[in-house]
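This is the structure, below, for whatever I ask next.
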Amino acid sequence: MDIHEYQAKEILAGYGVKIAEGGLAYSPEDAVQRTREIGGNVWAVKAQIHSGARGKAGGVKICFSHEEVEAAADGMLGKRMVTHQTGPAGKVCSRLYIEAGTDIAKELYFSFLVDRAHERIVMVGSAEGGMEIEDLAENNPDAINKIHIDPAVGLLDFQARKMAFALGLEASQISHAVKFIRGCYCAMRELDANMLEINPLVVTKSGELIALDAKMGFDDNALFRRQKVAELRDKTQEDSREMAAADRGLSYVGLDGDIGCMINGAGLAMATMDMIKLAGGEPANFLDVGGGASPERTEKAFRLVLADEGVKAMLVNIFAGINRCDWIAEGVVHAVKKIDMQIPLIVRLSGTNVEEGRKIIAESGLPIITATTLAEAAEKAVQARNEQVAKEGAA
């Protein structure tokens with residue numbers, strides 16, 4: 001789960017991380033009022049969307065008057081912003097963060113990430129901040145410093161000092177940097193975050209360290225014990241299909257293809273999507289219905305997949321171990337009759353009670369295409385999709 005910049009900053013401020021003064025605005029009038037409350041004569045107007053590279057999309061403006069603030073806010077609110085992280089669909093800006101201008105002497109990069117390969121938290125820093133870390137890694141990988149932290153021991157002061165020196169900070173700033181770094185680490189560890197990024201971390205002309213931007217991502221599986229974090233979720237910034245699935249206890253990830261998938265088991269789902277691509281098609285989604293797919297749960301999954309108007313065919317691939325093929329078959333038949341599907345449906349069953357399941361499908365009288373192997377199911381799904389596209393094109 002991702003949160004907005006202003007939310008991440010509020011969290012970090014509670015752990016002793018210094019941030020610039022700012023306030024939230026929902027209208028151009030609010031934005032001007034925030035500038036009056038902040039004071040000064042330079043402000044940053046920042047669109048609050050779940051994406052990096054906002055500046056390139058016009059989502060960050062430096063303003064020197066109330067009129068400029070009002071114009072910048074009017075140009076961002078309600079607009080769909082497209083970055084390389086949002087994809088072509090973009091994300092709509094519905095709120096702004098108005099922040100006091102900062103006298104920047106130096107921009108740095110700093111983050112904590114979960115390194116799954118090393119089973120450690122990795123602290124990443126660079127003296128070259130203010131740019132995308134992916135670009136920096138590609139163009140100048142030696143500029144990136146990494147320090148792995150043993151989760152059983154935690155962040156040690158010498159590691160924080162080592163990073164502070166790697167960032168090129170002066171000796172007089174090291175103690176402040178250690179406090180800053182420890183505050184970030186505590187926020188990540190205590191709130192079950194899996195990512196914390198500050199880009200840029202700036203050194204002001206007076207020598208202060210300020211988090212000028214902040215991103216935090218959290219482990220969805222830990223939200224049940226982090227109620228205050230869960231309340232920060234902004235569903236308008238997430239894929240509506242994925243949110244609908246999460247609200248129904250289903251694991252769903254929307255993709256750009258047009259062959260809908262309903263599968264039990266994450267590994268089998270990945271293999272099925274690979275087979276669809278190998279057969280020349282493109283999957284529309286990842287959907288794992290889990291091991292206890294009842295008829296009601298199966299119907300919910302069907303409706304979720306078919307809610308995507310771009311789906312031209314649907315593939316159901318079930319390997320029943322804990323589950324039973326006859327239960328799945330009953331759920332599929334029930335769902336198809338109730339939903340009145342208008343696109344081809346391909347079903348492949350394997351495992352416990354597979355013969356009974358296939359019999360239920362065969363005797364249903366429904367135009368369901370069946371397959372016995374995964375490769376056959378993928379090929380039939382792609383063929384059915386192609387026929388459906390040709391049929392719609394001729395209509």
Side-chain angles (χ1 to χ4, degrees), residues 3 5-22 44 46 52 55 60 97 99-115 118 120-137 140-218:
I3 60 175
E5 172 196 358
Y6 76 93
Q7 295 168 327
K9 285 182 173 179
E10 287 176 358
I11 289 174
L12 292 176
Y15 286 86
V17 174
K18 188 171 181 59
I19 63 173
E21 185 178 358
K46 300 182 177 182
V60 178
Y97 187 60
E99 192 171 61
T102 303
D103 289 329
I104 301 173
K106 186 189 296 185
E107 293 189 355
L108 312 172
Y109 175 90
F110 181 77
S111 69
F112 282 110
L113 303 167
V114 175
D115 186 337
H118 291 84
R120 297 284 190 274
I121 292 175
V122 60
M123 177 168 52
V124 182
S126 174
E128 298 183 25
M131 63 182 294
E132 295 295 320
I133 193 66
E134 296 85 359
D135 296 337
L136 184 60
N140 189 10
D142 293 337
I144 299 176
N145 304 280
K146 298 180 181 180
I147 299 175
H148 285 87
I149 300 165
D150 187 331
V153 178
L155 175 69
L156 300 175
D157 282 350
F158 87 88
Q159 293 175 312
R161 287 194 294 271
K162 184 177 180 181
M163 178 57 72
F165 280 114
L167 293 174
L169 298 176
E170 298 176 2
S172 60
Q173 298 168 328
I174 299 302
S175 61
H176 296 293
V178 170
K179 180 181 177 182
F180 186 102
I181 292 170
R182 289 197 68 85
C184 291
Y185 177 76
C186 288
M188 181 172 184
R189 181 194 62 196
E190 294 177 10
L191 299 177
D192 290 309
N194 52 27
M195 183 274 290
L196 188 160
E197 182 183 67
I198 298 174
N199 186 25
L201 161 61
V202 301
V203 181
T204 67
K205 291 181 180 178
S206 61
E208 289 185 301
L209 291 172
I210 294 180
L212 203 60
D213 194 3
K215 297 179 190 173
M216 292 185 75
F218 298 87

- Just how far is it from atom CD of Gln7 to atom NZ of Lys9, taken to the nearest 0.5 Å? 12.5 Å

- Item | Side chain to side chain, Glu99 and Leu212, heavy atoms closer than 4.5 Å | yes

- Atom pair CD1 (Ile11) and CD1 (Ile3), whose distance is rounded to the nearest 0.5 Å: 4.0 Å

- Item | Pairwise side-chain contact, His176 with Lys18, heavy-atom cut-off 4.5 Å (strictly under) | no

- Keeping to residues at least two apart or across chains, list the salt bridge (charged side-chain N to carboxylate O under 4.0 Å, His left out) pairs with something in residues 154-168. Asp157-Arg182

Listing, residues 165-174 side-chain donor-acceptor contacts under 3.5 Å, not counting sequence neighbours, or none:
{"from": "Gln173", "atom 1": "OE1", "to": "Glu170", "atom 2": "N", "distance (Å)": "3.0"}
{"from": "Gln173", "atom 1": "NE2", "to": "Gly207", "atom 2": "O", "distance (Å)": "3.4"}

- Query: Can you tell me how far the SG atom of Cys184 sits from the CZ atom of Arg189, to the nearest 0.5 Å?
  - Reply: 13.0 Å

- Scanning both residues in full, the closest heavy-atom pair of Asp213 with Asn199 reads CB-O, 3.3 Å

- Task: Could I get the full list of ring-ring contact (aromatic ring centres under 6.0 Å, His included) partners for Tyr15, not counting sequence neighbours?
- Result: none

- Kindly write out the residues that satisfy ring-ring contact (aromatic ring centres under 6.0 Å, His included) with Phe218, not counting sequence neighbours, or none if the list is empty. none

- Query: Is a side-chain donor or acceptor of Lys205 paired with a backbone partner of Thr102 at a separation under 3.5 angstrom?
  - Reply: no

- Note on the structure: Rounding to 0.5 Å, atoms CG (Leu209) and CG (Leu108) come to a distance of 7.5 Å

- Message: Please give me the minimum heavy-atom distance between Leu12 and Ala214, naming the atom from each residue.
- Response: CD1-CB, 3.9 Å

- Item | Point-to-point distance, once rounded to the nearest 0.5 Å, from CE of Met188 to CG of Asn194 | 6.5 Å

When the side chains of residues 143-152 are checked against the rest of the protein, which donor-acceptor pairs come out under 3.5 Å, sequence neighbours left out?
{"from": "Asn145", "atom 1": "ND2", "to": "Gly125", "atom 2": "O", "distance (Å)": "3.3"}
{"from": "His148", "atom 1": "NE2", "to": "Asp115", "atom 2": "OD2", "distance (Å)": "2.8"}
{"from": "Asp150", "atom 1": "OD1", "to": "Ala152", "atom 2": "N", "distance (Å)": "2.9"}

- List in chain and number order the residues that pass ring-ring contact (aromatic ring centres under 6.0 Å, His included) with Phe110, two or more places apart in sequence or in another chain; answer none if no residue qualifies. Phe112

- Query: Taking all atoms of both residues into account, what is the closest heavy-atom pair of Ala8 and Met216, and its distance?
  - Reply: CB-CG, 3.9 Å

- Message: Distance check, rounded to the nearest 0.5 Å: Lys215 atom NZ versus Ile198 atom CD1?
- Response: 12.0 Å

